[in-house]
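Quick caveat: nothing in here was measured; it's all calculated off a predicted structure.
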Amino acid sequence: MCIETKDHAAGLAWYDRARDWAEEAGDASMAATALSMKAHLAWSVNDARRCVQMARAARWYDRQVTPGVQGMAAQMEARGHAVAGDAGDARRLLDEAQELVGRASGHPEDEPEWMYFYGEDWFTLQRGMAELHLGNWHDAAGLLSAGLAAVPEWYKRDRAWYGACLTSAQAGTGDAEQAAAVAVAFADDIKAVNSYARAELLGAARVLDQIGARQGEVIRDALR
């Protein structure tokens, strides 16, 4: 909740406390997950180096935790490399994470309860986000569109975020009409539940402005 309200210092303090409590309880999976979430916080403020560092720290627990928890850390490290523009390491780690996802899906009963979301559809979205960071617009749009189609309607916050990412990918390809159509479709949920998605959508509008497309203003109108 602190990260949602952009109180990042408080969010970091809560993740540190969660990791401490997990260590005291001897719960390696929770401790590793707390570090992965610290990596996520770093990614949310565009700190690629810290995102990679926190994800690597989560992987210190690899021999003590399930494939799903390992895979979460691997994909978080991949995100950090993608933000830094390092396509080779990002894609290598995503391949590793996907292999771990496959192993986890074969034995879901062995995974911690909080890993319920960690599956192939979600992973497709992670690949889409990585390609978006790397500026590979066409592949990002395809992956995000495919992954988003599998996200249940009631996951409004997630759909808002990935809808905004898909808008950015479409804007990157120069498809202004499709970018605006996606933005308008998700604008109400974006305004209601996800301020990060709103910022992403405004970024897409600026990209459209730069190529002289009028749809940038359509997107801003949808957010008013």
Side-chain angles (χ1 to χ4, degrees), residues 1-86 89-90 93-94 96-97 100-101 104 111-119 122-123 125-126 129-130 132-133 151 154-165 189-203:
M1 292 195 312
C2 290
I3 294 171
E4 277 300 298
T5 57
K6 299 190 177 181
D7 188 351
H8 297 116
L12 182 62
W14 280 110
Y15 283 142
D16 282 338
R17 180 175 292 185
R19 187 194 174 194
D20 284 349
W21 285 347
E23 292 283 7
E24 290 173 14
D27 190 334
S29 290
M30 180 60 80
T33 300
L35 286 166
S36 286
M37 295 311 298
K38 288 178 71 173
H40 183 275
L41 190 158
W43 166 80
S44 72
V45 296
N46 212 37
D47 188 339
R49 179 172 175 272
R50 184 166 174 82
C51 180
V52 169
Q53 288 176 323
M54 291 297 98
R56 286 177 177 171
R59 302 208 67 184
W60 294 340
Y61 294 92
D62 271 4
R63 294 185 180 182
Q64 305 172 55
V65 300
T66 63
V69 175
Q70 294 175 45
M72 177 186 283
Q75 70 84 18
M76 282 308 316
E77 186 178 351
R79 278 201 218 183
H81 285 296
V83 171
D86 185 348
D89 278 343
L93 283 157
L94 284 169
E96 182 180 348
L100 289 162
V101 170
E111 295 294 326
E113 292 181 359
W114 60 84
M115 297 297 293
Y116 66 92
F117 64 91
Y118 196 71
W122 176 84
F123 198 80
L125 291 163
Q126 306 316 301
M129 275 202 315
L132 183 64
H133 287 312
V151 178
W154 57 89
Y155 279 42
K156 290 187 179 294
R157 180 185 174 280
D158 289 348
R159 287 178 60 80
W161 169 247
Y162 293 118
C165 289
D189 282 346
I190 287 171
K191 287 186 290 186
V193 299
N194 199 315
S195 62
Y196 291 92
R198 186 178 189 279
E200 186 74 21
L201 219 56
L202 290 172

Between the CG atom in Asp89 and the NE2 atom in His81, the distance rounded to the nearest 0.5 Å is 4.5 Å
Spacing of Thr33 atom OG1 and Tyr15 atom OH [to the nearest 0.5 Å]
10.5 Å
Rounded at 0.5 Å granularity, tell me how far OH in Tyr196 sits from CD1 in Ile3.
6.5 Å
I need the Asn194 CG to Glu4 CD distance, nearest 0.5 Å.
5.5 Å
Heavy-atom pair of closest approach, residues Ala58 and Ala73
CB-CB, 3.7 Å
Which is it for Met76 and His40 under the side-chain contact (heavy atoms from CB on, under 4.5 Å) test, yes or no, and what are the steps along the way?
CA-CA 7 Å; Met76 282 308 316; His40 183 275; 3.9 Å; yes
Taking only residues two or more places apart in sequence, or in another chain, which ones meet Ala10 in a side chain to side chain contact (heavy atoms under 4.5 Å, CB included)?
Cys2, Asp7
Please name the pair of heavy atoms, one in Val193 and one in Ala160, separated by the smallest distance, quoted to 0.1 Å.
CG2-CB, 4.2 Å
Which atom of Val101 lies closest to which atom of Gly119, heavy atoms considered
CG1-C, 4.0 Å
Side-chain heavy atoms of Val69 within contact of Pro112, under 4.5 Å
yes
Nearest atoms (heavy-atom pairs only) where Ala78 meets Leu94
CB-CG, 3.7 Å
For Ala55 and Ala39 the tightest heavy-atom approach is N-CB, 3.8 Å
Between atom CD of Glu77 and atom CZ of Arg56, what is the distance when rounded to the nearest 0.5 Å?
4.5 Å
Leu125 vs Met129, test: side-chain contact (heavy atoms from CB on, under 4.5 Å). Steps then yes/no.
CA-CA 6 Å; Leu125 291 163; Met129 275 202 315; 6.0 Å; no
Rounded to the nearest 0.5 Å, how far does CD of Glu111 lie from CE of Met72?
9.5 Å
For residues 43-50, which side-chain donor-acceptor pairs fall under 3.5 Å, sequence neighbours excluded?
residue : atom : partner : partner atom : Å
Trp43   : NE1  : His133  : NE2          : 2.9
Ser44   : OG   : Leu41   : O            : 2.6
Asp47   : OD1  : Arg50   : N            : 3.1

Side chain to side chain donor-acceptor pair (under 3.5 Å) involving Ser36 - partner list, sequence neighbours excluded:
none
Going by side chain to side chain donor-acceptor pair (under 3.5 Å), name the residues that satisfy it together with Gln70, two or more places apart in sequence or in a different chain.
none
N/O donor-acceptor pairs under 3.5 Å from side chains in residues 16-27, not counting sequence neighbours:
residue : atom : partner : partner atom : Å
Asp16   : OD1  : Lys38   : NZ           : 2.6
Arg19   : NE   : Tyr61   : OH           : 3.3
Arg19   : NH2  : Tyr61   : OH           : 3.0
Glu23   : OE2  : Tyr61   : OH           : 2.1
Asp27   : OD1  : Ser29   : N            : 3.3
Asp27   : OD1  : Met30   : N            : 3.0

Note, Asp158 side chain near Trp122 side chain (heavy atom, < 4.5 Å)
no
Taking side chain to side chain contact (heavy atoms under 4.5 Å, CB included) as the definition, give me every residue that meets it alongside Ala164, ordered by chain and number, with sequence neighbours left out.
Ile190, Ala197, Glu200, Leu201
Around atom CH2 of Trp60, are there more than 12 heavy atoms of other residues, nucleotides or ligands at under 6.0 Å?
no
